[in-house]
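Working notes, beginning with the structure itself.
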Amino acid sequence: MKKEEIRQSIEGSTKRKKADTVFKNAQIVDVFNHDILKGDVAVTNGTIVGIGNYDGMEEIDVSGKYLCPGLIDGHVHIESSMVPPHEFAKVVLPHGVTTVIADPHEIANVSGVKGIQYMLDSSDGLLLDVYVMLPSSVPATSFEHAGARLEADDLEPLFKHDRVIGLAEVMDYVAVQTASESMLNKLEMTSRHSRVIDGHMAGLPADMINVYRSAGIMTDHEVTNAEEAIERVQRGMYVLIRQGSVAKDLPNVIGAVNVHNSRRFLFCTDDKHLDDLAAEGSIDHNIRLAVQHGADPAAAIQMATLNAAECYGLKDKGAVAPGYEADLLVVNNLNDFQIEQVYKAGKLAARDGKVKADEHQSLTTPADLLNTVHLHELQPSDLELLITKDQPVPIIEIIPNQLVTRKIYDQTNVSDGIFHPSTKLDHLKLIMAERHKKTGLIGKGIVKGFQLKRGAIATSIAHDSHNLIAAGTNDADLLLALQVLKSSAGGLAVVQDGNILAQLPLSISGLMSDKSYDEVLLGLHSINEALKKAGLPDTFNPFLTLSFLGLPVIPELKITCQGIFDVTSFAHLEY
């Protein structure tokens, strides 16, 4: 703060002058002691200056209500909401999220530094505070076919931005373990700037925690059970408990949290679709779910606020206390955690589920972030999967609501040496087509578990290289679905019997729409209705599940543009 601002804060605190705003008669959630205080909260220049008995220029009576700190999402890919930051803010602010730690590695894998800069520019001046972790693994592995490759020299200039606070999830564990020069450069660069480094340890053994911590990596959000969580905390890590659209880990992890270790846990959504954010919420949903699974409400709120702030070095966020920013929530009770009002720096940002009118002007999308799907003219023969061996073949089996998959071997439907999808066996054809450099590379495989009976689904969201990925019951519909994505510059498509049941164009790097979030929600509704017509179950998100089948750093089997990849052996498999 400047000297005059410090003077004004002291004058408000000592009551020599009235505070700008006073929240009267509040039940204040004390995240330091897991206690409830009763009193007024005084705010001057957007900062809390006192708790007690205060008068203000503006007074807001919150009698009978609880006053909590604004919520912090510890790790989120805004791109997964399919709208840019300025639209994303309109959705999460009414749910009490006033700060997010964003990793723009989705758009970085498509559009490089220009994509990261777009996310920074698009989030400038919002009511939502968007802090950025620079993508560490673009591409996710050395053999991936992404639209960009980012080294330390590409990333370092971005540290000049005041909202860039660290290095995002280090998912190339092989590069860490072997101490590759490229990875060492990124780790050293971040340490030199005294910033946080996020981890990504999906399916890795406990010994790898030693390696990650020795490299200066502080967090992991890929924890799927309580045992993994304890192992990471024992070795000094923060654990981000994730509840997103596809990875719903909170119920299996929250049991690891106790009175002794709760300060090492925080919440994140990671990847959450817009319709899920609108329907069930963001970090507020994590709080409610944690309480339902036995967590103390004050501890859950602490994980959603103070813990996240301290983990990422946000020293003036995360608490209702003097010296902290006045990011405040008015909630009815701590169990249901229904948010009635959201205040950002002491000013009303949302009320009763509706965001306050935002004067922020949306950014014109740079031309080179549009029309990013570059695909050669596909022929039916391009999609043929040849089976050369008369024996069980490798098949990816999805696990609903998890990012990990199972590696199974089974006999499948083969005729004249060519695989044909079988709805009886629930064996669909899985395709990944390179879309950045027009190389013509097409990976082909078999996936089980979608239960699709007719047609195909396809998307340009395929973590993390974001090539085109599709699954279907026949080649004609697969081909049509891929052609729809090419003509729409990316997005989501559902086709059946040669007809397009629904499509949602995502023109910004093939990941986000340039439309309002209301329009995108309508588009997602049409997609969901089409998925029902296609016979897909509603117990998991088919598109998010499909999109993560392209991430070859999460066990056990995934697909790349070169075919089926065994994450455990770190090698492609042959049919």
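A donor-acceptor pair under 3.5 Å is absent between the side-chain atoms of His525 and the main chain of Leu521, judged by distance alone. Between the Lys486 side chain and the Leu375 main chain, a donor and an acceptor come within less than 3.5 Å of each other. Side-chain atoms of Asp566 never come within 3.5 Å of backbone atoms of Ala571 as a donor-acceptor pair (strictly under, hydrogens ignored). With hydrogens and angles ignored, the 3.5 Å screen pairs a side-chain donor or acceptor of Asn467 with a backbone N or O of His145. Formation of a donor-acceptor pair under 3.5 Å by the Ser460 side chain with backbone atoms of Gly510 is found in this model.
Between Ile339 and Asp284, the closest side-chain pair of non-hydrogen atoms falls below 4.5 Å. Here the side chains of Leu549 and Ile398 are in contact, with some heavy-atom distance below 4.5 Å. Under the 4.5 Å side-chain criterion, counting only non-hydrogen atoms from C-beta, Leu126 is in contact with Pro85. Counting heavy atoms from C-beta outward, Pro135 and Val138 have side chains that approach closer than 4.5 Å. Side chains of Asp368 and Lys114 form a contact here, defined as non-hydrogen atoms less than 4.5 Å apart. A heavy-atom distance below 4.5 Å is not found between the side chains of Gln503 and Val494. With contacts defined as side-chain heavy-atom distances shorter than 4.5 Å, the pair Phe267/Arg242 does not qualify. In this structure, the side chains of Val176 and Val170 come closer than 4.5 Å at one or more pairs of heavy atoms.
Between Glu310 and Arg263 there is a salt bridge, since at least one side-chain N of the basic residue sits less than 4.0 Å from a carboxylate O of the acidic one. A salt bridge links Glu87 and Lys90; the closest N-O separation between the charged side-chain nitrogens and carboxylate oxygens is under 4.0 Å. Glu231 has no carboxylate O lying under 4.0 Å from a charged side-chain N of Arg235, or vice versa, which leaves the two without a salt bridge. A salt bridge links Lys317 and Asp129; the closest N-O separation between the charged side-chain nitrogens and carboxylate oxygens is under 4.0 Å. The existence of a salt bridge linking Arg232 and Glu222 is excluded, since no basic side-chain nitrogen approaches an acidic carboxylate oxygen closer than 4.0 Å.
His77 and Asp270 share a donor-acceptor pair across their side chains, judged by distance under 3.5 Å alone. Side-chain contact check for Glu434 and Thr439: at least one donor-acceptor pair (N or O, by modelled atom type) lies under 3.5 Å.
Ring centers of Phe565 and Phe570: under 6.0 Å apart, within the cut-off.
Ring geometry for His572 versus Phe143: interplanar angle over 60°, hence perpendicular rather than tilted (30 to 60°).
Interatomic distance, Met201 CE to Ile217 CD1, rounded to the nearest 0.5 Å: 8.5 Å.
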